[in-house]
> 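This is the structure I want to talk about, given as structure tokens.
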Amino acid sequence: MKILLLGKNGQVGWELQRALAPLGEVIALDRSEGADLAKPEALQAKVREIAPEVIVNAAAYTAVDKAESEPDLALAINAHAPGLLAQEAKRLNALLVHYSSDYVFDGSGNTPRTEEAATGPLSVYGRSKLLGEDAIRESGCQHLILRTSWVYAARGGNFAKTMLRLAAERDQLKVIADQIGAPTGADLLADLTAQMLPTLRARPELSGTYHAVASGETSWHAYAQYVIEFARARGQVLRVAPDQVLAIPTRDYPTPAQRPLNSRLSTAKLQAAFGLRLPHWQQGVERMLMEIL
Ligand SMILES: NC(=O)c1ccc[n+]([C@@H]2O[C@H](COP(=O)([O-])OP(=O)(O)OC[C@H]3O[C@@H](n4cnc5c(N)ncnc54)[C@H](OP(=O)(O)O)[C@@H]3O)[C@@H](O)[C@H]2O)c1
């Protein structure tokens with residue numbers, strides 16, 4: 001299997017380099033290697049030159065707040081480029097794997113959303129991700145769109161590292177308690193992708209959109225408390241104890257982009273179609289903490 005991986009140095013892209021390796025020849029590129037999603041002609045030429053059987057697009061414009069002031073660039077990378085990749089996949093009879101976000105939803109209610117639930121993005125980023133999904137679905141190419149949430153990786157910066165740094169510097173932390181979702185490891189997403197790819201190639205009727213998040217749910221506030229408690233139990237010297245992490249509502253932490261309050265995603269469709277289980281979010285977070293502590 002010849003696989004073209006785009007965005008190889010992002011959180012998910014980095015883990016995909018490892019997870020996809022056993023499946024075949026992986027040609028992994030970043031934007032400096034002729035795979036800039038903001039340069040459609042060069043991107044198209046690169047895809048045609050490589051002629052892969054599978055395109056895995058882990059590249060995206062992910063600066064959620066900055067997107068509010070750079071909508072054209074966010075749309076070019078998150079909507080137009082996936083559309084182009086889908087057209088090229090269709091032309092090559094290739095499979096396109098793409099990642100999307102809980103931000104395509106408006107975050108109302110308090111139950112998990114299915115793949116068929118009505119969308120209603122609140123931000124430029126969310127709209128750009130939804131348009132990218134739509135372009136892929138409309139192209140008619142065989143595809144796997146994995147909608148995920150709250151992605152973290154051991155490599156690079158992440159929410160847990162920020163909380164641990166602040167907990168060492170300050171006497172108390174204030175963290176948003178009314179956004180609910182599931183922290184999902186980039187390693188889990190990459191492993192799921194590698195597990196799903198051969199099944200999908202054998203059963204093209206499974207082509208479609210799936211929610212792919214760790215199981216369970218939490219708030220950013222409870223997530224921060226969990227991380228601090230785990231680190232202290234492992235001997236980290238932190239000034240802030242879990243009960244000094246104060247819960248605040250989203251309205252007390254204004255940001256340029258509005259975020260959904262309810263990011264719960266149902267993974268029943270993925271689990272049933274592919275016979276896979278999604279581990280609890282704490283399992284992945286603990287693994288990541290063991291790596292960084
Ligand atoms: N992070 C989350 O919490 C989250 C939540 C839900 C869904 N997702 C989705 O999951 C996927 C993977 O996200 P991630 O967390 O791995 O993001 P990430 O760590 O920000 O990685 C994104 C990658 O895209 C690359 N990129 C940006 N602009 C590009 C361009 N014009 N051409 C080529 N590459 C470009 C970046 O390269 P540079 O480093 O050079 O900029 C980076 O390597 C994305 O589709 C994202 O929308 C993420």
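Residues: numbered from 1 along the sequence shown. We count ligands from 1, going down the list as the structure has it; atoms in each ligand are counted the same way.
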> Taking only residues two or more places apart in sequence, or in another chain, which ones meet Ala51 in a side chain to side chain contact (heavy atoms under 4.5 Å, CB included)?
Leu92

> Are Glu88 and Arg91 ion-paired here, with the side-chain N under 4.0 Å from a carboxylate O?
yes

> When you pair each N or O of ligand 1 with protein N or O atoms, which pairs come out under 3.5 Å?
unit_1	atom_1	unit_2	atom_2	d
ligand 1	3 (O)	Val151	N	2.9
ligand 1	15 (O)	Gln11	NE2	2.9
ligand 1	16 (O)	Gln11	N	3.1
ligand 1	16 (O)	Val12	N	2.9
ligand 1	19 (O)	Gln11	N	2.9
ligand 1	20 (O)	Thr62	OG1	2.6
ligand 1	24 (O)	Ala60	N	3.1
ligand 1	24 (O)	Ala60	O	3.4
ligand 1	28 (N)	Arg31	NH2	3.3
ligand 1	31 (N)	Asp36	OD1	2.8
ligand 1	32 (N)	Asp36	OD1	3.4
ligand 1	32 (N)	Leu37	N	2.8
ligand 1	40 (O)	Arg31	NE	3.2
ligand 1	40 (O)	Arg31	NH2	3.4
ligand 1	41 (O)	Arg31	NH2	2.6
ligand 1	43 (O)	Gly10	N	3.0
ligand 1	45 (O)	Tyr99	O	3.2
ligand 1	45 (O)	Lys129	NZ	2.7
ligand 1	47 (O)	Tyr125	OH	2.7
ligand 1	47 (O)	Lys129	NZ	2.9

> Regarding Thr209 and Arg137, is there a side-chain donor-to-acceptor distance under 3.5 Å anywhere?
yes

> Identify, with sequence neighbours excluded, every residue that meets ring pair (Phe, Tyr, Trp, His ring centres under 6.0 Å) alongside Tyr210.
Phe274

> Restricting to pairs with a member in residues 271-283, which pass side chain to side chain donor-acceptor pair (under 3.5 Å), not counting sequence neighbours?
Thr267-Gln271

> If we count only N and O atoms by modelled type, under 3.5 Å, do the side chains of Asn78 and Ser128 hold a donor and an acceptor together?
yes

